[in-house]
Each structure stands twice: as C-alpha cells, then as structure tokens.
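Heads up, the thing below is written out as structure tokens.
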Amino acid sequence: MSLNVHHLELFYFVAKFEGITEAVRKMPYGIQQPAVSGQISQLEKSLGLKLFHRRPFALTPAGEELYDYVYPFFSQLDQVGGRLRGEETQHLRLAASAAVLRNHLPQVLQAVRSDFPDLRLTLREVKSTEIEAALQKQEADVAVTILHRKTAPGLTSIKLLELPQVLLVPKNAPITKFREVVAKAEGPLISQPLITLPPNEQLSLLFQAGLKKRDLQWDPSMEVSEVGLIERYVSDGFGYGITLNIPGIAWPKTVRAIRLPAADFAPVVVGVLHMGNLKAVGNRFVKVAQAYAKELMKAA
DNA sequence: CAATGATGCTGTCAGAGCAC
DNA sequence: GTGCTCTGACAGCATCATTG
C-alpha cells in the first residue's frame, strides 16, 4: 500500500514545527487543525504505527525515519520552483583549487558582481583531479582549473593563461639556474630532496615529462596537496619544490623561483571548464576571467 | 454519449476530552 | 481555566459505474 503524498506533506510540516497546532499556524497555506489531525491519523492508520507522541511532541523512531526521508524533498520545493521559473539566473556555482579561490577569484567576482547586483555565489574547493567529475555531476556551473589535452566529453574548455613551471628554492640556496642542479647530480639521478604535488596532478606529470626528455630522474621526497604548501616547506628547508610561476603574485622573501627551460618543461595551461551552455552570469564570468588573465600576463 | 447517483477524499465548524 | 488534540456532522469535489 503506497503512502499518500498529501499526508506526507502535512506530516512534514507537523514534524518541522513540532506539533499540529504550530504547523497549522506556520504552514504556507491555510488549513484548519482538524483537517491536519485527521490526515495524520489516516497516515498513521495506513502505516499501522504512531509517528509522534502528541503532548509533549516527540517523533517516534518511525516518525524520525519518515521525516529524514521526506525532509530533502519538501524542504527544497520552494527553491525548485524558483529555479524552474528562472529566478536562479544570478546564481553561479564555482569550483576551483584553494589557491585560485583565495588569490584570483575575489577580483574577478568583484567585477562580475558589478554587472549582476543580486549575484549569489557558491564557491567550492575541488582538487584539480576531481573537477571534471564535479561539473559532470552538476555540482558546479563553472570551474577554473588546469586544463589537460583531453577534457571529458560534454565539457567545454576555455584557455586563460599559460603558467611556466618553476623550481622553488630556499633564498640562500647555492644555485641560480636549473642546469646547476643537474650538474651536481650523479649521472641521471638527482638526489636533492624534492617537494611536489601528487604524481597524478598535471603539474607533476608535465615536470616528470620534462625530466624524461632530458634523461633525468628526480623522485619526490615530499608530496603535498596544494601549491601553497610547497612554498612553505621549501622556505623551511625541506627541499626544492616544483610549482607554477603566477605573474603578479610575489614569492615570499624566504624563497626564490628558478625558471625551468620552457623547451622541455611545458607550461601548465589554466582555463575555464563548463558543461553545456552557460547562463548569462556564467558567460560574464568567463569574459571577466579572460580580461583578468590578460592583465596578469601583461604584468609578467 | 450524456446524465445520474454512489463512493471516497478532504475540507470546515462546533464542541468534547484531556493534560498541565 | 487554558491550550492542544480529537471527534462528529456536514459540504464540496472528483471518480466511477450504471442507466436511458
């Protein structure tokens, strides 16, 4: 025997407002207390069990379970209506790395907000390896991330800028060029401690590809989850780090950045990813991000 | 095919029952 | 007594089977 959805809706309000009378007062439409009481009785009768104790109000275990089940549906009905009516046009859900969210998006979003005064934002920190999945699951509208040669089907990528790979060394390190590191190596093996992102990150892949081209081997001794940590541990003397040179962003005084030869160590491409067609606010975001990237490159 | 009546569901109003 | 809940009587509406 299936449950009556109208009964479930009334039960949702009764459980939410903790009582029949309170539910009647606060419900978004007019209904009298006896009607609610009667409908709830029918629901309980059809289930063959009590859903809540009346006075004082308390959900029974069965009531708790049913409330947990119906809550996500009824609590989001208003928002769904708004979305269907197109009232969500000024909502932008963004996915990006922590570094991008912290260092770059504030300025870009400031500009977007001047065109969309009612802009509502959802910013989500997502690892670059999980960003495509987040877009495909519709958990975000747009992502700013490192682009691969191949993006997942259905995704559109827009290139913003290319960032050169750099070797980050402590300020007092006795080298100024990458070839000096190589010169100190015993054969192809570089033994200097190395700090990198996880091996499946695009930056790590491109760096290892560059080493391979030069028949070098340099295995990381320390793996960190975000580029900000590389700076930190390099300046604390844990080793040299592989990171990106972002124009306009100054390095801490405790480290120095050494450019890796671009011929072998390909720059990392950063861009915007999205699925399907973007709303106006999404398109505006892309335009502003492109302008911002252009300014950054000029500053380089 | 349209009209009719039975049935079921949900609603209101008035008022009774009950706990504090 | 007060406030909350339930019960009973009755109305409006939709559906469905029956009837002419």
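Side-chain atoms are counted along with the backbone in the values below, which use heavy atoms only and exclude waters and symmetry mates. If you're wondering where the values come from, they're calculated on a predicted model, not measured in any experiment. The sequence lines fix the lettering, A, B, ..., with proteins before strands; numbering per chain opens at 1.
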When you check the side-chain N and O atoms of A/Glu231 and A/Thr243, is any donor under 3.5 Å from an acceptor?
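Result is no, nothing qualifies.
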A/Gln202 side chain to A/His148 side chain, donor-acceptor N/O pair below 3.5 angstrom:
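There is such a pair (donor and acceptor under 3.5 Å, judged by atom type) between the side chains of A/Gln202 and A/His148.
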State whether A/Phe57 and A/Arg54 meet the cation-pi test: NZ (Lys) or CZ (Arg) under 6.0 Å from the six-membered ring centroid, and within 45° of the perpendicular axis.
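No, A/Arg54 does not sit over the ring of A/Phe57.
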Do you know the tightest heavy-atom contact between A/Leu10 and A/Ile40?
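That would be C-CD1, 4.0 Å.
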Could you check A/Leu197 against A/Ile230 for side chain to side chain contact (heavy atoms under 4.5 Å, CB included), going step by step and ending with a plain yes or no?
CA-CA 8 Å; A/Leu197 293 180; A/Ile230 293 179; 4.1 Å; yes
Taking protein heavy atoms under 4.0 Å as touching, what does nucleotides 10-20 of chain B look like 5' to 3' if B marks base contact, S marks sugar-phosphate-only contact and - marks none?
SSBBB---B--
Is the ring centre of A/Tyr67 less than 6.0 Å from the ring centre of A/Phe52?
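No, the ring of A/Tyr67 stays outside the 6.0 Å limit from the ring of A/Phe52, centre to centre.
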First and last nucleotide of DNA chain C in contact with chain A, 5' to 3', at under 4.0 Å to a heavy atom: what are they?
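It runs C/dG3 to C/dT7.
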Determine, step by step, whether A/Thr176 and A/Arg256 satisfy the side chain to side chain contact (heavy atoms under 4.5 Å, CB included) criterion, reporting the C-alpha distance in whole Å, the side-chain angles of both residues, the deciding distance to 0.1 Å, and the verdict.
CA-CA 9 Å; A/Thr176 56; A/Arg256 276 186 293 122; 4.2 Å; yes
